[in-house]
Number of protein chains: 2
Amino acid sequence: MLSAFEVVAEPNRRRILDVLREGRCPVGELSHRLGLTQPTVSKHLRVLKDARLVDVEQDAQRRLYRLRPEPLVELDAWLAPYRELWSQRLDALERHLTTMADDPPASARPSPPPRRKR
Amino acid sequence: MLSAFEVVAEPNRRRILDVLREGRCPVGELSHRLGLTQPTVSKHLRVLKDARLVDVEQDAQRRLYRLRPEPLVELDAWLAPYRELWSQRLDALERHLTTMADDPPASARPSPPPRRKR
DNA sequence: CGCGTATATGCCCATCAAGGCATATACTTG
DNA sequence: CAAGTATATGCCTTGATGGGCATATACGCG
């Protein structure tokens, strides 16, 4: 069984989750909307189900898949300390730009601070 | 070149990043602290470098690797809408537990509502 | 310049994952 | 019960990955 990290590493699986974020959805519609064959979708859904990222509800012949976001908490938890790091960096950049606010901008978008010699 | 998603899908690479979060570190120390062979570490570092998740600074024979958290922003951005979903769920659970606070719990964990016939 | 240290790289192998295709299964309806 | 629809599963091929091991490369030092 794959970890949430590995499950979400696969682009098509992310796309499936993105669709399911809008609400439950049968396999056929996923297959159609994503341009993937039905077996491919079913296999990805199997992986997602094993990782508890989706669950299924049967509706006649169809199966409605529904998102279960909880396992993504693990991913978010791993990410959290890094989030602080890059926001520190962005804050620093912002402060820098504010300090430099009297400089005429060299371009429309703020360019990074002058490259320091390393 | 791997996406940030694929790069962090590998557990040892996450461990490397976790160590680098403490500050720059030479390959040998990573190898020692993680219990991985030096070639293995070097190969993972290569992948991390290609994904711009680390950069290198040369120090005599050693190479000091340093974390660059920016590419993780992509991961965080993908995650954001899901974060809202699960916090909604957790809020709902919390409200539920508060409301139910006077009920003697049937079990330690709240059980799901009675299964409906479909 | 030769040696030791630190790191990168190349080759090999085993594993695995993703998709194509065919087919099995399950449910519904006539 | 037969046929159709919706989905799951099995087999196969192909490509990629991680790690082990040996070796190449780079740097500093005596």
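Keep in mind that the numbers below use all heavy atoms, side chains included, and drop hydrogens, waters and symmetry copies. Below, read A as the first sequence line, B as the second, and so on, with proteins coming before strands; counting in each chain starts at 1. This structure is a prediction, so every number in the text was calculated from the model and none was measured.
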Hey, what are the protein-to-nucleotides 15-19 of chain C N/O distances that come in under 3.5 Å?
{"from": "dA18(C)", "atom 1": "OP1", "to": "R13(A)", "atom 2": "NH1", "distance (Å)": "3.4"}
{"from": "dA18(C)", "atom 1": "OP1", "to": "R13(A)", "atom 2": "NH2", "distance (Å)": "2.8"}
{"from": "dA18(C)", "atom 1": "OP2", "to": "R13(A)", "atom 2": "NH1", "distance (Å)": "3.4"}
{"from": "dG19(C)", "atom 1": "OP1", "to": "N12(A)", "atom 2": "ND2", "distance (Å)": "2.8"}
{"from": "dG19(C)", "atom 1": "OP2", "to": "H44(A)", "atom 2": "NE2", "distance (Å)": "2.6"}

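- In this structure, L64(B) places its CG atom 16 Å from C1' of dA8(C), rounding to the nearest Å.
- Inter-residue side-chain proximity for F5(B) and R14(A) is flagged as met; some heavy-atom pair is nearer than 4.5 Å.
- D50(B) has its CG atom 12 Å from the P atom of dA8(C), to the nearest Å.
- Checking E84(B) against S87(B) by side-chain atom types alone, no donor-acceptor pair falls below 3.5 Å.
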Check nucleotides 22-30 of chain C for protein N or O atoms closer than 3.5 Å to its own N or O atoms and list the pairs.
{"from": "dT28(C)", "atom 1": "O4'", "to": "Q61(A)", "atom 2": "NE2", "distance (Å)": "3.0"}

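- For Y65(A) and dA8(D), the shortest distance from a side-chain N or O to OP1 or OP2 is below 4.0 Å.
- A single hydrophobic cluster is seen to contain both V27(A) and L34(A), as judged by linkage of ILVMFWY side chains at heavy-atom distances under 4.5 Å, directly or through other members.
- Within the 4.5 Å cutoff, no side-chain heavy atoms of Y82(A) are placed close to those of L75(B).
- For the pair L45(A) CG and dT9(D) C1', the computed distance is 14 Å after rounding to whole Å.
- In this structure, the side chains of R63(A) and P26(A) stay at 4.5 Å or more apart for every pair of heavy atoms.
- Within the 4.0 Å cut-off from OP1 or OP2 of dT9(C), at least one side-chain nitrogen or oxygen of R46(B) is found.
- The line from NZ of K49(B) to CG of L53(B) is 13.0 Å long, rounded to the nearest 0.5 Å.
- Within the 4.5 Å cutoff, no side-chain heavy atoms of V41(A) are placed close to those of H32(A).
- Computed from coordinates, the H32(B) NE2 to dA6(C) P distance equals 13 Å when rounded to whole Å.
- Distance, E57(A) CD to dT7(D) P: 13 Å, rounded to whole Å.
- Scored by the side-chain contact (heavy atoms from CB on, under 4.5 Å) test, V73(A) finds W86(B) as partners (sequence neighbours excluded).
- If you take NZ of K49(B) and P of dT7(C), they are 13 Å apart, rounded to a whole angstrom.
- No continuous path of hydrophobic side-chain contacts links L17(B) to L64(B) [ILVMFWY only; heavy atoms under 4.5 Å].
- Taking atom CG of L48(B) as the reference point, atom C1' of dT17(D) lies 14 Å away to the nearest angstrom.
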